[in-house]
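Note on naming: letters A, B, ... go to the chains in the order of the sequence lines (proteins, then strands), and numbering restarts at 1 for each one. Predicted, not measured: the structure shown is a model, and the values here were computed from it.
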Protein chains: 2
Amino acid sequence: MNSNSAFKALADPTRREILAMLRNGEMTAGALAGRFDMTKPSMSHHFAVLRDAGLVTSRREGQQIWYGLNTTVVQDLTAWAMDLLKDNRHPKGKRS
Amino acid sequence: MNSNSAFKALADPTRREILAMLRNGEMTAGALAGRFDMTKPSMSHHFAVLRDAGLVTSRREGQQIWYGLNTTVVQDLTAWAMDLLKDNRHPKGKRS
DNA sequence: CATCTAATTAGATAATTGTCTAAATATAGG
DNA sequence: CCTATATTTAGACAATTATCTAATTAGATG
């Protein structure tokens, strides 16, 4: 499966926080990094993991790089989790 | 956060497959292990991770241990993912 | 109680990961 | 072209993790 990288990306609390912040719109690498008690290279690493997993988009604008939430992949993850909740015990005639 | 262990549990593909199988109802440790190309101790380790994360329930019945999906925690994860999709850019008057 | 089956625990090991510091790249503006 | 700012890349290191084999626990049954 390809979304394995997305699940692995979500395993880190810092990365989940980053995603939560991006819910309010795009942010630059620097602005994001400034919100965490962690060095910029470490944050940069987290950005790369999120980008490689397809969870965020990135674009350079001058000296800065803007990161944004990629809702498509988040939707896939949501669908996966919701699927788990669909009772599959009687696969023929859904309604018990 | 406490659900950190749940996210970490989901990071492994074998564990995600286990959860998917439990969608069809409870299974014994042995029955589950039989479905994977992996030793029983390794599988047992994955069961423990899932149980510690609250993603599965377990109960002994004689010699066997039955594992089942804990939908409550799965619901929490679903809610977290869906929250990410709610646009929060204009927090006062929700409807753009 | 001896033994069989089901499952876990213990302990080792290789691979992956998260973090850091130092160095490099990229862009903007004198 | 030099310097300042923004960000990433490189390389090292400690911690965590996934897996294995061997040993152990727990229950059933003759």
Positions of residues 54-70 of chain B (non-hydrogen atom under 4.0 Å from DNA chain C), listed by number: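 Of all residues in residues 54-70 of chain B, the ones placing a heavy atom under 4.0 Å from DNA chain C are B/Q63, B/Q64, B/I65, B/Y67.
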
Within residues 31-51 of chain A, find the residues that approach DNA chain C with a heavy atom at under 4.0 Å, and present them sorted by residue number.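 Contacts with DNA chain C under 4.0 Å: A/M38, A/T39, A/P41, A/S42, A/H45, A/H46.
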
Pair listing, side chain to side chain donor-acceptor pair (under 3.5 Å) test, anchored in residues 62-71 of chain B, at least two apart: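 Output for this query lists B/N70-B/T72.
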
Got a sec, which hydrophobics cluster with B/M82, joining ILVMFWY side chains under 4.5 Å apart, including via others?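 B/M82 clusters with A/M82.
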
Only counting residues at least two apart or in another chain, list the ones meeting side chain to side chain donor-acceptor pair (under 3.5 Å) with [X].
X	answer
A/D83	A/K86
A/N24	B/N88
A/H45	none
B/E26	B/R59

Which donor-acceptor pairs under 3.5 Å do side chains of residues 33-42 of chain B form with protein atoms, sequence neighbours excluded?
| unit_1 | atom_1 | unit_2 | atom_2 | d |
| --- | --- | --- | --- | --- |
| B/T39 | OG1 | B/S42 | N | 3.4 |
| B/T39 | OG1 | B/S42 | OG | 3.0 |

Please, which pairs that meet salt bridge (charged side-chain N to carboxylate O under 4.0 Å, His left out) have at least one residue in residues 41-53 of chain B, sequence neighbours excluded?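 Residue pairs passing salt bridge (charged side-chain N to carboxylate O under 4.0 Å, His left out), neighbours aside: none found.
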
Tell me, which pairs form a salt bridge (charged side-chain N to carboxylate O under 4.0 Å, His left out) where one or both residues lie in residues 66-79 of chain A, sequence neighbours left out?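 Every candidate salt bridge (charged side-chain N to carboxylate O under 4.0 Å, His left out) pair involving residues 66-79 of chain A fails, so no pair, neighbours aside, qualifies.
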
For A/A31, does its backbone N or O pair with a side-chain atom of A/T28 as donor and acceptor, under 3.5 Å?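 Yes, A/T28 side chain to A/A31 backbone: donor-acceptor pair under 3.5 Å.
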
Nucleotides bounding contact with chain B, strand DNA chain C, heavy-atom threshold 4.0 Å: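 Contact boundaries, 5' end first: C/dT5 to C/dT9.
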
